[in-house]
Amino acid sequence: MAQLFHRSTNALANLSIGATVLGAGLLIAFAYSMDRGSYITDVRVVKEQPVPFSHKHHVSDDGIDCRYCHTTVETSSFAGLPATEICMSCHSQIWANAAILEPVRESFRSGESLEWTRIHDLPDFVYFNHSIHINKGVGCATCHGRVDQMPLMYKENTLYMNWCVNCHRNPEKYVRPRDQVFNMAYEPPANQEELGRKLVEENHIQSLTDCYTCHR
Amino acid sequence: MNDKPALDLNKIRARLESAQGPLYWKSLEELAQTEEFQAYVEDEFADRSPDWLNPANRRNFLKLMGASLAFAGVTACTKQPKETIVPYVRQPEDFVPGVPLYYATAMQMGGVGTGLLVTSHLGRPTKVDGNPDHPGSLGASDYFQQASILTMYDPDRGQAVTYKGQISSWISFQAALAVARERAILKNGEGLRILTETVTSPTLTSQIQKILKEMPSAKWHSYEPCGRHNAYQGALLAFGRPVNTIYRFDQADVIVSLDADFLSCGPGNLLYARQFADKRRVQTNVTHTPQPKEDWQEGYQEGPIPARSNQSASYADENRGPVILPPQVQAQGKPPAETTLNRMYVFEAAPSPTGGMADHRFILRASEVEAAAWDLAAALGISGATSTGKLKQAAAIARDLQAHKGACVVIAGDHQPPAVHALAHAMNAALGNAGKTVTYTDPIEGNPVDQGESLRQLVADMNGGKVDTLLILAGNPVYSAPVDLDFAAALKKVATSAYLGLFPDETAALVQWYVPEAHYLESWSDVRGFDGTVSFVQPLIAPLYGGKTAHEVISTLAGEPGKFPYDIVRDYWQSQNKTANFEIFWQKALHDGVVPNTAVPAVTVTAKTPPPSSARAAQGFEIAFRPDPTIWDGSFANNGWLQELPKPHNKMTWDNAVWISPSTAQQHGLNSEEMVELKYQGRTVTGPVWIMPGHANDAVTVHLGYGRTRAGQVGNEVGFSAYLLRTSAQPNHDSGLEIRRLGGRHPLATTQHAQTMEGTDPVRVATLDQYKKSPQFVEETEQDKPLPPKLTLYPDYRYQGYKWGMTLDLNACVGCSACVAACQAENNISVVGKEEVARGRHMHWIRVDRYYKGNWDNPELYYQPVPCMQCENAPCELVCPVAATVHSGDGLNQMVYNRCVGTRYCSNNCPYKVRRFNFLLYSDWNTQSLYGLRNPNVSVRSRGVMEKCTYCVQRINAAKIQSEKENRRIADGEIVPACVQVCPTQAIVFGDINDPKSRVAQLKAQARNYSLLEDLSTRPRTTYLGRLRNPNPEIEKG
Amino acid sequence: MSETFWDRHGLHGIMARFEQPEQLVDAAQHAYSAGYRKMDAYSPMPVEGLAEAIGFTRHWVSLVVLMGGLAGCIGGFGLLWWITVIAYPHNVGGRPFDSWPMYIPITFECTVLLAALSSVVGMLAMNGLPMPYHPVFNLRSFAERGSVDRFFLCIEADDPKFDRVQTRAFLEQFKPEEVAEVEK
Amino acid sequence: MKIEELEQKAIDPGPEKIIGPGFNYATVTDKIANTVLMPIEKTPRQWWVALLIAFMALQGLVVGACWLLYKGVGVWGIVIPVAWGYAIVNFVWWIGIGHAGTLISAILLLLKQDWRTSINRFAEAMTLFAVAQAGMFPILHMGRPWLGYWLIPYPSSMWLWPQPRSPLIWDVFAVTTYLTVSFIFWFIGLIPDLATMRDRAKQKWQALTFGMLAMGWRGSARHWSRYQMAYLLLAGLATPLVLSVHTVVSFDFAISLLPGWHTTIFPPYFVAGAIYSGFAMVLTLAIPARKWFHLEDLITMRHLDACAKLMLGTGLLVAYGYMMEAFMSWYSGNPHEMFMYMNRATGPYWPFFWSLILCNILIPQSLWSRRVRQNVPRLFFVAIVVNIGMWLERFIIVITSLHRDFLPSSWGMYYPTQWDWAVLTGTIGFFLVLMILFVRVLPSISIFEVREVLHHLAPHVLDDGGTEPAPAHGD
């Protein structure tokens, strides 16, 4: 017998070809799932904070308006993070001795700021401006999700460019009346399409997809 | 090849650590101070916590970009590093994180203050600009003011009080000063000396005078290496009393400058430049005839994507016709027959911006200017003036002046001897200019003395052992005092010497006590403007390095230690006006940046002809000492921006050189960059030659301020020190120089190699008469014939909404280069260092090209600022493989740094070469103190990324967002790019071309309007207005 | 005898070895005219007329390549058009979104690429390669010289006309160097 | 003739014949197979020396690339305005060299030039390796190479795509396509020979390796007919491809608006130049190789002569290109164009320009003479000169056009740094390493095609396995 290969190698050869093709496909699929998955994007990932602050409690239970703490959201690019004294304005009375609030009181005493872990953190080359979005009728919940139902804060959306551009291309799908911006429970009406178009017209909402809208 | 010689990171880190060492020797209020300082530092967190809090974060992020992007593979977004966000503990009232605040303050140079408006991002000053309300600024500023902010953050600044080189403390210095005070009081001030630079601060003056009153024998000396005492001596000569001269160039139709570079330096130069430019602006009234859309602005059927068209949807009513008119329409723009320009005669040795604007530039050696002045005076028939017959055109000029009696100016340069000033005064008097175009006031200085003499006395006394306590308030005399006085040696003979300075410099090394000085952005003080107007200096940040102000030092000497400068200044002014509503006055003055009606009142004086001076044009080879164009007397030597700013005259950076005229160079067989030895009065220095077209023959000009030994990381061992030749007898110019070839070359880093236009015509020039004959002279050129509107296969884009454009008026631009510095400050542009500049890798987004025309010994000088042209058919965009540079809806040529992969094809394809590339990691990620300096609204570019001018898009966006919130269209002039804001002559105008009423649209409709390299059909949005000259026909003929 | 995937028995065919290509062609032609269909000829280099001799005329390769080319052409242009007009339209240097002349080079390259790939893949696939094991290698002389300087004709056992004795006799008449049976 | 003799010494049959005497199917097979199957110790010493030198040169690339990636492209001499330097010069040069292979195999196949058989495999390998070198430069020269994948169209989370109006994107497609197709072409050509190797291999591992690569090729008539058709079609596709690739490369320049780049003559004269340099490189490599492995009787003077003639022809085309450039710059009347050409000839880079004329136009004229074409050392010299000349041509095009363009204020100079040189020598080393290894581990001459030739030449070689000398080949 002068056979160099056993007959099984025929099958093996074909198998290996199939395997390679399949493997390549799987690899790409894996890469995408990694990229779009929460491991990279941190979507719905709760991060450790100095104080386990519950938006759910403060917003839906206590009914505190967003702007009570995020004071500059309507006027500045930066929504604003409450200074310790804002926390203390209530918590010097309520839960004044609660152990979990010790870091807050400590900060108030020592003048050392609290160090929160950023949840919504854009790359440094992205320039986002809260005030204009608020002014044009983009609801808090549209980007941040139902914060009023988050015991601990997490990111609702990827904040990827395609996610931003999606709304920038057709705002009429997402905008709401200005008086509804801070309404967490707002549900887009059935006629969102036409309402959206109306709002776009009224509030002169542009669909800006120029690079420099966000990158400078 | 290191990225940034400018900042040696390890050394700096070491310094920072040493500065943050244990505080146990510090006094209580010092500790309080440091807390305040801490508080300020915290402010940064709120805004951009990552960098300031932990620079590692951002650096790692960029490192990650490399690795993890490659791994993540399919996306640009990658896992963000953990970043913290740090709120205030107690938020200051008026602070809105993300919205900058503006504070009025003032910066003094040579004692003359200029009102400024400083941008502060959460207690972090980031940008300095002129204060529109200040008479000496009108909103403009120069590159010293622009760059001063870098000095404030400079990590090389003094950070600790030292005694004999050992780290000591402010409290012990106060103790020492108290002892000195006791000793002095006993001797009634005998042996107590205070040496200041030129002081105009009313508060400081009164403080010192209080001490002098208390101890009559104490003395106050002033010395300014590049001061203006010649002007005062001249005034003494002419009027018998020192006066301060103020010119009104807006009233002057004829200007004679006797070696005075009033357009780019000296008191009031910003105002003067504006006034001068206003007299050269050409107003043409063009009737706008908007073209029908289909003809001029034909869009695609599918049109630009909705985003664009939306932009103007709700502005339908304002959807006006476009205003960039095709050439044939522009041609209609006839100038009014009565178009007039002022005319300027300049006598100077070395080319200056003023000389560049001259209609007639007479090249004389500095010493010959006086002769010319005499000839002119004689020609004007001033009694006692005798002609030397040197100046052939004297008669013609005189006729021209006499034709404009009361509407002309004769101005003498600060470096010219008193006689020339006196003659200028006499001529102005004879021409009836006094009170019209020239006004006189009492001096604004607190101590108007002959500074040269004052210093000479001081040194004499020091050597004579008459000085036991010497207090030096800034100025670095050890480095800058005339060499023959040998200040250093004299200093050794002083028992107690103290020095207050920004940097631990040459002087600091020789005194016993060195006290770090507070930068003006950190201090409370006050200062007088060129006309005496007082501005308050208020701090934008607590002293970063625990610096002290002169006020604190003096008040300690006055027996009031620990008094805060704020109180010192406030108390003084309270004592000045005892009105009840002082608080209102105080607040208003602080807010406006000027103290109302504090300008020094005019005085009437009668000029008499000076005695014929003995020093007629000296014979022999001549040397002239001048302050360096960009680092001045050396006080800016450690400022990377100014070191790298191309000197307006020869585009040289990071060096000084021996300027010499082409023909003289030929005689001596010298070439540029060749090392020569200058021998003058037995002293020698060696430096490289720079052949300077338009320089006087048989003379060299050397610039002071270089050759520093203890300036800091940036300024040390750069260039040679001309002070080593400068004597107290002849501080400005003198003959008797010997020049010797040494052989050997010292490469000089210049940003422009070609000197002439090489047959092309980027700058279009015509004389006033030619212009009147054919207004569209800019089109009568070899190339760049105007193109038919549609020279393209493709239909044009329709730019509805906004359509940004810019014009640069070459008739107004004096080439001062302030725009370059402003751009650098606004856009976080990196400093790259001499080696990189020499290679051709400088990063300035806007450059000022300088061209010579005509013969090399007396060429015409032309300046042309070149930012990105924002071409509508941008060649750069076409070739970018990743769409990192594309057009925006309003027609900007966007550059997206984070998308750029760095193929550099765009730069190759840019005919204007306005793109800049980060060949290496130029931006400094390591020097923490510089983080505060950066403009938070502009990305800091990393290695391998292309960058360029985008009309300050961050400012455009800010305005856009504001207007959108208020649901209105952006008003004309609401958006001010940095270069426009800084420009003293308003040569640069920016605005919306779609708005026919906008200034830019008006200017583009002028006949002088042309675009660079038009034949390439790039359709630039940035266009130029042709340059006009107004020569005297008499002289032009003869 | 039982046959399994791993171990098959039985006859693959009868193989004749020739020294010269002409002999092979000649033999092949006769075999075909003699009515043999299931057979194959083996040569160390292409020999004109051999394929025709054993009645193999249509190979379809060119059709596959045409398909590939068309796919590449349409796909390439379509991708570019979609990118610039639909996916993210940019105003690039004042050019229209669909500046099609600029797409020609890439379209061409895509065409060539897919055509080339399909030609190779198609050829190999239709040849049933890779197939490291094949009965003919059981013949020692084929394994040694089949790819060097000898020419073989193999009439396979599953040919209806095949007959151990007659087929061998049939092949003998063409003066082969050797006639041998080949195991599966 | 005994196979041993054939392996030891070889007689060059001169400029008439494409194959030496005394060959038959077996001997020609063994002779070529021998270059691969010969035992290690028999490997010619020059081969080892060459490999060592090439390997040392390769280190230039390794070190240069590492430093480059660590510091940034600034380690090269590139500046504004000369933002493209050696990287692009080398890129174009290598791509050009990579043109001869496919041309020989594809176009000459279509033209039925049977002399191609003994050099095509070799030339194809050369193409492959040259293009591989070229392919590195576009990546290396980027400011941020780790983002190179942004030039590939894929659905990213940014919704951003490459900008297909940029010639650089065309490059990406052209070069990758060319690389792929060249590889396919080369590999398909190898399959039958791999089968031969499988059968001739003396060690088991060799047999297995070649066996796997051969994919069980058994020379079935059906296979041969599909094979030939596929090969023919590939050739038909590769021909326009090879022309398109350098056309696209020339677009990198022609699309821009720079004087000296923006010319319509570029595509044809780039292609001509590419073939020119390609054949020069074929000669540069073939001449030593045929000596080491005693292949003079397979790569005969006939081949060298043909290559030389092709060089001469393409060289003349290139010369015409230069002339047209000069003429157009004058005829256009565009001052920028005129200045550009004057600047090339008399500007700071004049020595490069004139040595280019010398290398690419003057010296190659000597090929008119048979005494140069058919004298191996002289021919080798000319080939080297042309290689240098073609590199200079790219230098002139890239550097001198950029360093002085429209605005005098932004003129500059370009001075290469040691890292520019390191990377250039590095790629040359890399290329040679690959070539040198190739000639030893794979049959560098297409055996089955030579058999075909033999078959055509001598229809009736009666031979019993190479024991008797073959009769003289009838012509």
Side-chain angles (χ1 to χ4, degrees), chain B residues 1 3 65-67 69-70 73-77 752-754 756-760 762 782-783 836 839-841 847 849-851 864 866 875 877-883 886 899-905 907-909 911-913 915-921 943-946 1012-1013 1016 1018, chain D residues 69 71-84 138 141-151 154-158 160-169 171-172 252 255-258 261 334-336 339 398 401-402 404-415 417:
Chain B
M1 190 158 44
D3 329 352
M65 290 256 290
L69 280 193
V74 283
T75 173
C77 296
Q752 184 180 347
H753 301 281
T756 68
M757 298 189 230
E758 304 283 343
T760 65
E782 277 313 303
Q783 309 107 30
E836 294 296 281
R839 286 172 166 281
R841 295 177 176 177
R847 61 173 196 265
D849 290 346
R850 189 261 302 99
Y851 295 112
Q864 181 174 43
V866 184
E877 294 175 357
L878 186 64
V879 297
C880 176
V882 291
V886 297
R899 176 68 175 173
C900 176
V901 296
T903 66
R904 305 183 297 287
Y905 198 170
S907 170
N908 288 348
N909 210 26
Y912 312 96
K913 290 289 173 286
R915 290 174 158 268
R916 299 285 172 248
F917 188 68
N918 292 272
F919 287 94
L920 300 162
L921 182 57
R943 174 245 280 199
V945 171
M946 190 64 71
L1012 217 46
L1013 299 172
L1016 296 176
T1018 51
Chain D
L69 295 178
K71 284 292 281 183
V73 283
V75 303
W76 286 343
I78 44 177
V79 301
I80 305 292
V82 189
W84 281 358
H141 105 295
M142 285 198 298
R144 303 199 289 172
W146 52 87
L147 297 179
Y149 62 89
W150 280 355
L151 275 74
Y154 71 94
S156 77
S157 66
M158 301 169 285
L160 278 179
W161 298 81
Q163 200 276 98
R165 297 173 191 82
S166 167
L168 293 184
I169 295 294
D171 267 349
V172 173
D252 286 350
I255 290 292
S256 85
L257 45 62
L258 221 61
W261 282 13
N334 177 330
H336 297 303
F339 172 81
V398 173
S401 312
L402 278 173
R404 288 183 174 177
D405 65 348
F406 297 95
L407 290 183
S409 61
S410 46
W411 289 357
M413 287 295 287
Y414 169 83
Y415 304 105
T417 67

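Across K71(D) and L920(B), no two heavy atoms sit closer than the pair O-CD2, 3.4 Å. Closest heavy-atom contact between R904(B) and G143(D): NH1-N, 4.1 Å.
Both the backbone and the side chain of T903(B) come within less than 4.5 Å of a heavy atom in chain D. With a threshold of 4.5 angstrom between heavy atoms, W261(D) approaches chain B through side-chain atoms but not through N, CA, C or O. The part of E877(B) that comes within reach of chain D is its backbone (N, CA, C, O), which places non-hydrogen atoms under 4.5 angstrom from that chain. For R915(B), the part sitting under 4.5 Å from any heavy atom of chain D is the backbone (N, CA, C, O) and nothing else.
The closest side-chain heavy-atom distance from R839(B) to T417(D) is below 4.5 Å. Looking only at side-chain heavy atoms (C-beta outward), R899(B) and M158(D) come within less than 4.5 Å of each other. Residues L147(D) and V882(B) have side chains not in contact (no heavy-atom distance under 4.5 Å, counting atoms from C-beta outward).
Put simply, the side chain of R841(B) gets close to the backbone of I78(D): a donor and an acceptor are under 3.5 Å apart.
For the 3.5 Å distance criterion, the side chains of Y912(B) and S410(D) fail to qualify, holding no donor opposite an acceptor.
Rounding to the nearest 0.5 angstrom, the gap separating the CG atom in L402(D) from the NZ atom in K913(B) is 6.5 Å.
Ring centroid separation for the pair Y905(B) and W84(D) comes in under the 6.0 Å cut-off.
Per-residue heavy-atom pair counts under 4.5 Å with chain D were compared for N908(B), N909(B), V879(B), and the maximum is reached by N908(B).
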